[in-house]
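Index from 1, following the sequence. Both ligands and their constituent atoms are indexed starting at 1 by order of listing.
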Amino acid sequence: MIVKNKPGLFQRFYLLEALAGLKITISKIFKKKVTIQYPEERREYSDRYRGMHYIKSVNGVENCTACMLCPTVCPAECIHIEAGERDDKEKYPVKFEIDSLRCCFCGMCEEACPKDAIKLSNIYEMSQTTREAYDKEYLMEQRGHK
Ligand code: SF4
Ligand code: SF4
């Protein structure tokens with residue numbers, strides 16, 4: 001059975017509803033604002049926030065030894081590493097790319113890394129004008145934001 005809830009003539013002017021809405025608006029004017037004027041104002045984010053990745057390095061040499069653990073655990077399969085060997089037989093990533101469009105920022109790569117090389121920073125502004133993955137040089141530049 002269809003029940004029709006027909007508004008009366010007075011209700012059709014919506015005057016009471018408009019006034020009720022206005023009352024709520026006015027009651028909020030002098031209350032403390034919860035919004036901020038982004039991008040001029042920014043909030044401090046929690047240390048647990050997981051944003052843009054970066055690769056830790058010492059004197060320009062990345063901590064990563066291309067052990068392939070992070071691409072193995074990554075559920076989005078968005079880490080691509082090509083390993084190489086230095087003169088001292090130490091392994092290093094010749095290529096290290098992260099496709100942030102596929103990444104779900106789960107933090108498993110950070111958890112899995114035995115060298116504490118890959119980290120997630122608190123950078124949340126990651127818009128790009130291309131679809132290219134972040135490369136090693138870019139990821140190393142992002143260091144120190146957490
Ligand atoms: S945060 Fe998760 S999805 Fe993103 S690269 Fe790391 S393991 Fe993969
Ligand atoms: S887990 Fe760490 S050391 Fe191993 S490849 Fe990934 S970033 Fe490099």
Side-chain angles (χ1 to χ4, degrees), residues 1-5 7 11 14-146:
M1 193 174 91
I2 299 169
V3 180
K4 287 190 178 172
N5 189 12
Q11 283 173 315
Y14 298 107
L15 191 61
L16 279 182
E17 282 71 17
L19 287 174
L22 208 56
K23 188 180 152 202
I24 292 172
T25 306
I26 291 169
S27 73
K28 303 285 178 194
I29 286 179
F30 300 106
K31 290 208 169 148
K32 189 174 176 279
K33 291 183 179 65
V34 291
T35 51
I36 58 166
Q37 299 299 313
Y38 180 85
E40 287 81 16
E41 293 173 37
R42 285 152 200 261
R43 284 205 172 94
E44 280 292 314
Y45 274 70
S46 158
D47 279 347
R48 290 183 298 167
Y49 182 83
R50 293 197 290 253
M52 174 80 203
H53 302 71
Y54 66 95
I55 297 175
K56 273 178 140 183
S57 59
V58 179
N59 299 329
V61 179
E62 63 285 304
N63 285 8
C64 175
T65 51
C67 69
M68 301 293 176
L69 262 175
C70 56
T72 305
V73 297
C74 177
E77 296 181 0
C78 61
I79 304 176
H80 174 70
I81 299 173
E82 278 176 29
E85 211 173 68
R86 294 186 208 283
D87 294 341
D88 58 1
K89 303 290 178 203
E90 189 77 26
K91 273 176 78 187
Y92 80 104
V94 179
K95 250 188 179 184
F96 194 121
E97 290 179 346
I98 297 180
D99 184 350
S100 62
L101 291 175
R102 295 183 64 178
C103 173
C104 60
F105 298 91
C106 63
M108 284 176 75
C109 49
E110 186 178 25
E111 295 287 326
C113 181
K115 304 297 281 184
D116 203 27
I118 186 164
K119 308 289 286 179
L120 275 77
S121 70
N122 52 11
I123 300 170
Y124 52 86
E125 291 164 321
M126 293 182 280
S127 56
Q128 288 175 282
T129 51
T130 66
R131 286 174 177 265
E132 283 168 19
Y134 294 123
D135 62 15
K136 187 176 85 171
E137 286 67 34
Y138 185 86
L139 292 168
M140 284 174 73
E141 275 172 23
Q142 302 307 312
R143 190 181 174 212
H145 288 272
K146 197 161 189 173

For the residue pair I118 and F96, establish whether any side-chain heavy-atom pair is separated by less than 4.5 Å.
yes

Answer yes or no: are there more than 12 heavy-atom neighbours, outside E132 itself, under 6.0 Å from its atom CD?
no

Under 30°, 30 to 60°, or over 60°: which ring-plane class applies to Y124 and Y49, parallel, tilted or perpendicular?
perpendicular

Atoms of ligand 2 close to I118 [distance to a heavy atom under 4.0 angstrom, numbered from 1]:
7 (S)

Do other residues, nucleotides or ligands put more than 12 heavy atoms under 6.0 Å from the CD atom of Q37?
no

When you measure from atom 4 (Fe) of ligand 2 to every protein heavy atom, which one gives the shortest distance, and what is it?
C67 SG, 2.2 Å

R86, CZ atom: more than 12 neighbouring heavy atoms under 6.0 Å
yes

Everything protein-side that's N, O or S and under 2.8 Å from atom 8 (Fe) of ligand 1: list it, residue and atom.
C74 SG

Using a 4.5 Å cut-off on heavy atoms from C-beta on, say whether the side chain of M126 contacts that of F105.
yes

Note: ligand 2 atoms sitting under 4.0 Å from heavy atoms of T65 are 3 (S), 8 (Fe)

Taking only non-hydrogen atoms of L69 and a 4.0 Å limit, the atoms of ligand 2 in range are 1 (S)

Is the count of non-hydrogen atoms from other residues, nucleotides or ligands lying under 6.0 Å from E137 atom CD greater than 12?
yes

Flag, side chain of K115 to backbone of T65, donor-acceptor distance under 3.5 Å:
no

Those atoms of ligand 2 less than 4.0 Å from some heavy atom in M68
4 (Fe), 5 (S)

Please determine if atom 8 (Fe) of ligand 2 has an N/O/S atom from C64 lying under 2.8 Å away.
yes

Ligand 2 atoms in contact with I81 (distance to a heavy atom under 4.0 Å)
5 (S)

Here the atoms of ligand 2 under 4.0 Å from any heavy atom belonging to C113 are 1 (S), 2 (Fe), 3 (S), 7 (S)

State, with a plain yes or no, whether a side-chain heavy atom of R131 is found less than 4.5 Å away from one of L101.
yes

Using heavy atoms and a 4.0 Å limit, tell me yes or no: is A66 in contact with ligand 2?
yes

Quick one, E97 and L139 - any side-chain contact, counting heavy atoms below 4.5 Å?
no

If we only count heavy atoms from C-beta on, is the C70 to I81 side-chain gap below 4.5 Å?
yes

Checking heavy atoms under 4.0 Å, the part of H53 that sits near ligand 1 is side chain

